[in-house]
Amino acid sequence: EEEGVELKELTQKRSERDDTELFDPSEEALLGNDDSLNIDFVNNPNEWKNDQILNIALLTLAFAFTRTAVFIQLLITPLTSRSMNPNSIHNDSLILPTDTIPLAFLYYGATFIAPFASWFMTKHGRRKGFILGCFLGILGALINILSTLSFSISSFYLSFSLLILGTLFLGFANGFTQFFRFAAADSSPPNSRSLSISIVLFGGDLAALLGPSIATYSIQLFPTPFSASYLSLVLLFSLALIPLFFLSIPPPPPIHNLPSTQKPRSFSQLLLIPRLSLSLITSTIAFSTMVLLMVLIPLVMKRENYSVAQTSHVLQLHSLGMFAPGLLVGVLIDRLGPLGIDAIGLIGIAMAAAVMAFGEGIGYFFG
């Protein structure tokens, strides 16, 4: 009888509320509204459920496989491009423009596909979006295998064009898989979202341990150099599909069913938020500097006659540096705030660039 009275009061309250008021999701859950947030607010909203724990484990495993694929791409793409260019034989000490173009398309693809990936997953769900991303990665890797095989029987321009095309599709795949961390937040209790993101990012540490061995031993595994490396990408994206098929994350509520105060703002409105604008500026600076360093390291180390194993270990330290602090980031954000963490990250990148500017010995690369 008391529950009936409570539901009656909530129903009356909702009927009297206009769209400009913020709504309480727990009321929507109690009323059984189909347009509610698909979260069980009736019980303790901060309590972990079995399906949420499973989702975090599946996302971590899938992220480990896809990040291993990214690690291999960072190492072999510049080396593949340089090996294709006949001019590199006569310019062994120079880094040619064609050496860096294919890897640039890896980042172009990830950047340009991101808005579509966000729209697709809003409409069709995270699971289908991640599966689509993995299939795009498989397609890109297959095109790059064709590129390496065609180099011995066709012109440089055809093989180079195929390499760019395949790397672009791999970039599309990376654009989808970057949303793993947001999926972790979607599939966790409200007070544990930072922890969930940190756990999923731990998959990057696993990738840093797997990547060097796969990259080093696959380059010359087949008679055609680098073809086995790209085949390993096919296998890694295929392995990532296995946990994703078991993923179950509730879709977000339809935008048209949200109150006006909950409707998404336009891009121009978002840019007027000072903290968001500052975050865009700092992330652009940080990511641009990181890409510059990662593109050049394999080429400069090859020019200085370092082995592929040494280069892969340098990139391994880079990956560990990216993801090892992940388990502490949530705690540090709570203590120092987002701006404090941004400042620490920018200082770290500046220090890395400064160390590498002083010399080309192996110690500088590891630093």
Side-chain angles (χ1 to χ4, degrees), residues 60-84 102-103 105-107 109-110 130-152 159 162-178 180 203-245 294-295 297-299 301-302 307-320 322-323:
T60 303
L61 188 59
F63 187 69
F65 288 130
T66 56
R67 284 304 306 183
T68 303
V70 172
F71 181 98
I72 296 172
Q73 293 167 54
L74 290 174
L75 176 63
I76 66 173
T77 303
L79 299 180
T80 305
S81 177
R82 185 169 182 83
S83 68
M84 288 181 174
L103 191 58
F105 276 84
L106 182 72
Y107 296 103
F130 294 146
I131 290 174
L132 174 60
C134 287
F135 277 115
L136 289 172
I138 291 172
L139 176 60
L142 290 174
I143 294 174
N144 281 353
I145 292 174
L146 180 62
S147 170
T148 59
L149 295 177
S150 65
F151 177 62
S152 59
S159 300
L162 287 173
L163 180 63
I164 291 176
L165 180 62
T167 306
L168 180 65
F169 275 93
L170 288 168
F172 292 158
N174 295 341
F176 274 92
T177 58
Q178 286 179 1
F180 277 136
D205 295 315
L206 300 177
L209 298 176
L210 292 173
S213 298
I214 297 175
T216 301
Y217 295 111
S218 63
I219 290 179
Q220 300 292 340
L221 184 61
F222 291 166
T224 303
F226 304 105
S227 58
S229 300
Y230 287 112
L231 180 60
S232 71
L233 300 187
V234 175
L235 297 176
L236 287 167
F237 281 113
S238 299
L239 288 172
L241 284 170
I242 297 175
L244 292 176
F245 279 123
M294 289 303 100
V295 169
I297 282 176
L299 296 171
M301 293 191 71
K302 178 177 175 59
S307 66
V308 174
Q310 289 173 309
T311 305
S312 66
H313 287 311
V314 169
L315 295 182
Q316 180 183 46
L317 284 181
H318 166 73
S319 295
L320 288 173
M322 285 179 63
F323 296 109

[X] to [Y] - nearest heavy-atom pair and separation:
{"X": "Asn144", "Y": "Gly166", "result": "OD1-CA, 3.2 Å"}
{"X": "Thr311", "Y": "Pro298", "result": "CG2-CA, 3.8 Å"}
{"X": "Ser238", "Y": "Ile138", "result": "OG-CD1, 3.6 Å"}
{"X": "Phe222", "Y": "Leu231", "result": "CE1-CD2, 3.7 Å"}
{"X": "Ala207", "Y": "Ala64", "result": "CB-O, 3.6 Å"}

Between [atom1] of [X] and [atom2] of [Y], what distance do you get to the nearest 0.5 Å?
{"X": "Thr60", "Y": "Phe65", "atom1": "OG1", "atom2": "CZ", "answer": "11.5 Å"}
{"X": "Leu162", "Y": "Leu142", "atom1": "CG", "atom2": "CG", "answer": "12.0 Å"}
{"X": "Leu241", "Y": "Thr66", "atom1": "CG", "atom2": "OG1", "answer": "10.5 Å"}
{"X": "Ser147", "Y": "Phe226", "atom1": "OG", "atom2": "CZ", "answer": "11.0 Å"}
{"X": "Phe172", "Y": "Leu170", "atom1": "CZ", "atom2": "CG", "answer": "10.5 Å"}
{"X": "Leu235", "Y": "Leu239", "atom1": "CG", "atom2": "CG", "answer": "6.5 Å"}

Is there a side-chain contact between [X] and [Y] in this structure, where contact means two heavy atoms from C-beta onward sitting under 4.5 Å apart?
{"X": "Leu106", "Y": "Leu103", "answer": "yes"}
{"X": "Ser307", "Y": "Gln310", "answer": "yes"}
{"X": "Leu244", "Y": "Cys134", "answer": "yes"}
{"X": "Ile131", "Y": "Phe135", "answer": "yes"}

| request: May I ask you to check whether Phe130 and Phe180 place their ring centers less than 6.0 Å from one another? | output: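 Yes, the ring of Phe130 comes within the 6.0 Å limit of the ring of Phe180, centre to centre.
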| task | Apply the test side-chain contact (heavy atoms from CB on, under 4.5 Å) to residues Leu132 and Phe176: give CA-CA distance (whole Å), side-chain angles for both, the deciding distance (0.1 Å), then the verdict. | result | CA-CA 8 Å; Leu132 174 60; Phe176 274 92; 3.7 Å; yes
| request: Among Ser227, Ser232, Ser229, find the residue that satisfies the side chain to side chain donor-acceptor pair (under 3.5 Å) test when tested with Ser218. | output: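 Exactly one option meets the side chain to side chain donor-acceptor pair (under 3.5 Å) with Ser218, and it is Ser229.
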List the atom pairs, with distances to 0.1 Å, where a side-chain N or O of residues 70-79 and a protein N or O form a donor-acceptor pair under 3.5 Å, not counting sequence neighbours.
residue, atom, partner, partner atom, Å
Gln73, NE2, Ala69, O, 3.1
Thr77, OG1, Gln73, O, 2.8

| said: Determine whether Tyr230 and Leu149 satisfy the following criterion, side-chain contact (heavy atoms from CB on, under 4.5 Å), listing intermediate values before the conclusion. | reply: CA-CA 11 Å; Tyr230 287 112; Leu149 295 177; over 6 Å; no
| said: Consider side chain to side chain contact (heavy atoms under 4.5 Å, CB included). Of Leu209, Leu236, Leu233, which one does Thr68 pass it with? | reply: Leu236
| task | Taking atom OH of Tyr217 as the centre, report whether more than 12 heavy atoms of other residues, nucleotides or ligands fall under 6.0 Å from it. | result |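 Not more than 12 within 6.0 Å, no.
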| said: Closer than 3.5 angstrom, by distance alone: can the side chain of Ser213 be matched with the main-chain N or O of Leu210 as a donor-acceptor pair? | reply: no
| field | Polar side chain donor-acceptor pair, Ser150 to Ser159, under 3.5 angstrom | value | yes
